[in-house]
Amino acid sequence: MLAPAEGGLLDLLESSQRPCVLLKVPRKQGKLTLLCDAKTDGSFLVHHFLSFYLKANCKVCFVALIQSFSHYNIVGQKLGVSLTTARERGQLVFLEGLKSSVDVFFRSQEEPHPLQFLREANTGNLQPLFEFVREALKPGDNAEAAWRCPVLLVDDLSVLLSLGVGAVAVLDFIHYCRATVCCELKGNIVTLVHDSGDAEDEENDVLLNGLSHQSHLILRAEGLATGFCRDVHGQLRILWRRPSQLTAQRDRSLTYQYKIQDKSVSFFAKGMSPAVL
Amino acid sequence: MAAAATSCGPRAGAPGCVVAAAGKDSVTSFQRRGPRASGPDGGCRRLASIAGTRPSVRNGQLLVSTGLPALDQLLGGGLAVGTLLLIEEDKYNIYSPLLFKYFLAEGIINGHTLLVASAKEDPAEILQELPAPLLNDNCKKEVDEDVCSHKTPESNIKMKIAWRYQLLPKMEKKEKNVLRIGIQNLGSPLWGDDICCTENCNNSQSLTKFLYVLRGLLRTSLSACIITVPTHLIQNKAVIARVTNLSDTVVGLESFIGSERETNPLYQEYHGLIHVRQIPRLNNLIGDVSDVKDLAFKLRRKLFTIERLHLPPDLSDTVSRSGKQDLAEPTKLLGPGCGVTAGGKKHLDF
């Protein structure tokens with residue numbers, strides 16, 4: 001199975017105003033990409049990766065815990081993909097957290113439900129969720145439209161802490177997913193975690209630090225240090241890492257500022273916003 | 001909102017008597033000006049014809065009014081159906097109950113169903129004290145407080161269509177209606193939680209789980225919810241951050257009562273500040289964020305206004321005036337030609 005060209009970053013840069021260096025990311029598989037947002041909303045990155053992988057013909061399992069299906073669908077249509085079509089074709093397996101939580105809570109389930117931990121008192125176990133992911137991404141027996149590498153997308157992991165799952169249980173879940181999706185199936189994982197900043201959320205910090213050390217690529221969306229700006233919505237720090245290699249070489253990192261528009265996001269170098277030039 | 005207007009007798013407090021704001025001038029965009037216009041596309045009209053709702057001009061999202069036109073404007077036209085509005089209470093809980101009541105009163109005027117939950121007051125008493133709607137001068141009549149059981153008034157207007165049907169009894173068609181949910185002081189010790197009592201609280205997860213499942217219910221139904229939370233009492237900042245992330249819209253009230261700003265002549269125009277902490281991104285990559293970040297509110301006799309914080313110009317002869325350090329937060333005021341050092345209180349007078 002071929003990995004798609006990680007042209008996601010190329011897409012991000014295509015509408016920037018200046019001819020930036022084309023970032024050639026090696027075509028690796030089995031990568032864990034960590035999306036992180038601090039003092040801003042990084043959901044635009046989730047929408048980007050979802051549409052990117054669907055367009056690249058990958059099989060996607062999307063654990064969407066924050067918003068409804070129609071929200072992602074409408075934004076996806078603006079970015080050029082139809083989630084409804086993808087779901088019907090079998091390319092997209094969508095777990096709608098908000099709707100399922102109501103089902104889990106109010107209706108008795110015979111079989112284990114992926115969000116079963118909602119019914120448990122504390123420190124829930126995410127094993128049913130992992131079984132769901134594994135079942136969704138396992139290669140089909142018949143040659144059903146050979147999808148490219150499988151992708152697990154989670155939006156987001158921080159909310160699991162609010163739902164009674166401990167940080168260690170979430171890290172275990174990601175560990176199991178990596179073993180299956182990244183190593184066994186040679187797929188990718190993309191997940192979003194909030195950075196609580198000065199809110200001193202210790203559980204969240206444990207989760208964030210643990211994931212940062214395992215990730216190959218970290219995209220961190222931050223608010224501007226100077227505060228709100230109408231033309232520059234924030235700053236994106238991109239960090240490439242090599243978690244498995246013990247190397248003294250410094251990890252490569254870049255910083256861009258961005259502005260989110262109706263159907264796209266434009267990136268530019270710091271201070272190079274078209275509004276100020 | 002029915003076009004018919006009942007005329008109540010001049011006696012106030014008559015039970016079961018409701019005045020609909022029928023004057024054209026007082027009708028907001030959430031209330032219809034005339035008989036329901038028949039549109040060509042039935043589907044869209046079905047949704048938009050739910051009383052008290054209108055589609056957003058920006059993205060077609062169905063909105064309901066919060067009861068305060070100024071707050072509606074801040075939120076981009078109104079509160080989206082299916083979302084949760086969290087109000088961070090002001091310190092002495094004087095102004096947040098007002099926003100709560102405006103929301104409920106608006107629901108009654110529009111004929112929405114209400115669900116009110118409060119640990120502090122009896123919900124029936126809350127409903128007794130709802131503010132009257134703003135009417136224009138022509139029909140200033142008292143609205144009876146006990147309006148939660150009001151029915152659509154019998155229309156005396158002759159039906160223009162199909163005169164034959166006029167003789168048949170009116171069939172109450174079960175139409176879709178919006179449910180407004182109001183929960184007051186959630187998280188306060190009155191609910192039995194210890195979130196406001198200690199930093200290492202045990203109940204924070206039940207609160208966050210509740211908010212999550214509530215939002216799931218809201219998304220799958222035609223409802224809108226307002227919750228007030230005493231965040232100034234919550235000692236654990238992480239809980240506040242999680243509660244904020246689990247809500248859609250978050251608005252914080254900061255009253256001047258008890259602070260030095262209460263007596264500061266610069267702020268005498270206002271009663272407090274209002275902070276829009278979070279605006280949701282619904283069906284969009286970006287939300288409707290207002291440019292103005294310094295907003296203040298004032299409770300006038302009839303109206304709760306929200307406006308841009310405006311400080312009067314400095315016309316005094318001397319450079320220093322009381323509260324000048326205050327200005328560093330909302331507006332950066334440049335002293336006349338001097339560099340103001342951070343934290344320094346003295347102003348060099350050249």
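The chains referred to below are lettered A, B, ... by the order of the sequence lines, with proteins before strands, and numbering in each begins at 1.
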(Q) What's the separation between atom CD in A:Gln261 and atom CG in B:Asn284, rounded to the nearest 0.5 Å? (A) 12.5 Å

Q. Between NE2 of A:His71 and CG of B:Asn283, what distance do you get to the nearest 0.5 Å?
A.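 Atom-to-atom, A:His71:NE2 and B:Asn283:CG are 6.5 Å apart.
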
In terms of heavy-atom proximity below 4.5 Å to chain B, should [X] be classed as side chain, backbone, both, or neither?
X	answer
A:Ser162	both
A:Tyr72	neither
A:Phe117	backbone
A:Phe44	both

**Q.** Trace of the side chain to side chain donor-acceptor pair (under 3.5 Å) decision for A:Gln67 with B:Arg281
**A.** CA-CA 10 Å; A:Gln67 299 283 6; B:Arg281 301 185 181 190; over 6 Å; no

Q: Step by step, work out the salt bridge (Lys or Arg N to Asp or Glu O under 4.0 Å) result for B:Lys237 and A:Asp198.
A: CA-CA 8 Å; B:Lys237 282 197 257 182; A:Asp198 55 357; 5.3 Å; no

Above 12 or not: heavy atoms from other molecules or residues under 6.0 Å from [atom1] of [X]?
X	atom1	answer
B:Lys293	NZ	yes
B:Gln235	CD	yes
A:Arg119	CZ	yes
B:Lys91	NZ	no
A:Asp231	CG	yes
A:Lys55	NZ	yes

Could you check if a side-chain atom of [X] sits within less than 4.5 angstrom of a side-chain atom of [Y], using non-hydrogen atoms only?
X	Y	value
A:Glu203	B:Arg242	yes
A:Leu65	B:Tyr212	yes
A:Val159	B:Asn245	no

**Q.** Single hit among A:Leu79, A:Asp262, A:Asp41 for side-chain contact (heavy atoms from CB on, under 4.5 Å) with B:Leu285
**A.** A:Leu79

Q) Looking at B:Leu217, B:Leu218, B:Leu214, which hits side-chain contact (heavy atoms from CB on, under 4.5 Å) with A:Val102? A) B:Leu217

Q. What option among A:Leu163, A:Asn204, A:Ile260, A:Val75 has the most heavy-atom pairs under 4.5 Å with chain B?
A. A:Leu163

Q) Which of the residues A:Cys229, A:Gly197, A:Gly97, A:Gly76 is involved in the greatest number of heavy-atom pairs with chain B at under 4.5 angstrom? A) A:Gly97

**Q.** Engaged part of B:Ile240 at the chain A interface, taking heavy atoms whose separation is under 4.5 Å
**A.**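 When you check distances to chain A, no heavy atom of B:Ile240 falls under 4.5 Å.
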
Q. Side chain of B:Arg215, backbone of A:Ile66: donor and acceptor closer than 3.5 Å?
A. yes

Q) Does A:Lys99 reach the main-chain N or O of B:Thr220 with its side chain, forming a donor-acceptor pair under 3.5 Å? A)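 No, the answer is negative, given that no donor and acceptor are paired below the 3.5 Å cut-off.
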
Q) Can you name the nearest heavy-atom pair linking B:Lys209 to A:Leu118, along with the distance? A) NZ-O, 3.1 Å

